[in-house]
Each structure stands twice: as structure tokens, then as C-alpha cells.
Engineer: 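One structure coming up, written as C-alpha cells, with questions to follow.
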Amino acid sequence: MPPRLTARQMFVSGVVLTAIGATLALVTDGWLALLFGSADFPHAIAGTIATLLREIAMTLGLVLVGVSLLARILEPSSKS
């Protein structure tokens with residue numbers, strides 16, 4: 001079964017997810033430092049969820065960028 005995304009779509013999706021992960025890292029680091037100043041348990045859970053989301057977005061984005069480069073090499077060319 002052929003993949004549903006082309007190499008270009010994978011690359012764009014990867015770049016967008018990487019940008020979302022980087023933005024989350026910039027935004028959440030500031031408020032996580034404020035939240036972890038107080039040792040409330042609900043704040044620690046919120047911080048863990050935010051950290052997991054940014055790591056997942058960043059990792060998936062970088063994997064998609066790498067796979068898109070491989071897919072571009074393996075994709076059959078439409079030139080005749």
C-alpha cells in the first residue's frame with residue numbers, strides 16, 4: 001500500500017511539528033520555572049504534560065523531516 005503523504009508533504013509536516021515543538025519549548029520553559037518555584041502537585045503534572053508534548057512534537061517533526069529526505073530519494077520520478 002503506497003504512503004498517503006508525498007515527500008514534500010512529509011517535509012512540510014515535519015517542519016511545522018518541529019516549529020511547534022520549538023515554540024512550546026520557548027513558551028513553556030518560562031512558566032514551568034515559575035510553577036516549579038512552588039511545589040504544588042498539580043503544577044508538576046501540568047509541567048510534565050507540557051514537557052512531553054513539546055518533546056513528542058519536536059521528535060516527530062525531526063523524524064518526518066529525515067524520512068521525507070529518504071522518501072524523496074526513493075520516490076519514483078514522474079519525468080518521462
Side-chain angles (χ1 to χ4, degrees):
M1 184 168 150
R4 304 220 183 250
L5 293 175
T6 64
R8 180 173 297 225
Q9 291 169 333
M10 278 191 259
F11 181 77
V12 170
S13 299
V15 168
V16 168
L17 281 172
T18 303
I20 289 171
T23 304
L24 283 173
L26 291 174
V27 171
T28 58
D29 281 345
W31 65 266
L32 285 179
L34 292 173
L35 290 177
F36 284 135
S38 65
D40 272 346
F41 186 69
H43 295 307
I45 292 172
T48 303
I49 291 170
T51 303
L52 284 173
L53 285 176
R54 81 171 185 215
E55 292 299 323
I56 289 170
M58 183 73 77
T59 303
L60 184 59
L62 292 174
V63 166
L64 277 173
V65 168
V67 168
S68 72
L69 298 174
L70 181 64
R72 184 168 295 236
I73 293 170
L74 297 176
E75 204 171 61
S77 62
S78 60
K79 297 177 184 178
S80 298

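All values reported here derive from a predicted model rather than from experimental measurement. Sequence positions, counted from 1, serve as the residue numbers for this chain.
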Engineer: Could you check whether any side-chain N or O of Glu55 sits under 3.5 Å from a backbone N or O of Leu52, counting only pairs where one atom can act as donor and the other as acceptor?
Structural biologist: no

Engineer: What closest approach, in Å, do Ala25 and Arg54 show between heavy atoms, and which atom pair accounts for it?
Structural biologist: CA-CD, 3.5 Å

Engineer: Do Met10 and Val63 sit in the same hydrophobic cluster, where Ile, Leu, Val, Met, Phe, Trp and Tyr count as joined when their side-chain heavy atoms come under 4.5 Å apart?
Structural biologist: yes

Engineer: Test Val65 against every option in Val12, Val15, Leu60, Leu17 by the side chain to side chain contact (heavy atoms under 4.5 Å, CB included) rule and name the one that passes.
Structural biologist: Val15

Engineer: Rest of the hydrophobic cluster containing Ile56 (Ile/Leu/Val/Met/Phe/Trp/Tyr, side-chain heavy atoms under 4.5 Å)?
Structural biologist: none

Engineer: Indicate yes or no: at least one non-hydrogen side-chain atom of Arg72 is less than 4.5 angstrom from one of Arg8.
Structural biologist: yes

Engineer: Quick one: pull up CG in Leu64 and OG1 in Thr59 and give me the separation to the nearest 0.5 Å.
Structural biologist: 11.0 Å

Engineer: For Leu62, enumerate each residue passing the side-chain contact (heavy atoms from CB on, under 4.5 Å) test, keeping only those at least two apart in sequence or located in another chain.
Structural biologist: Thr18, Met58

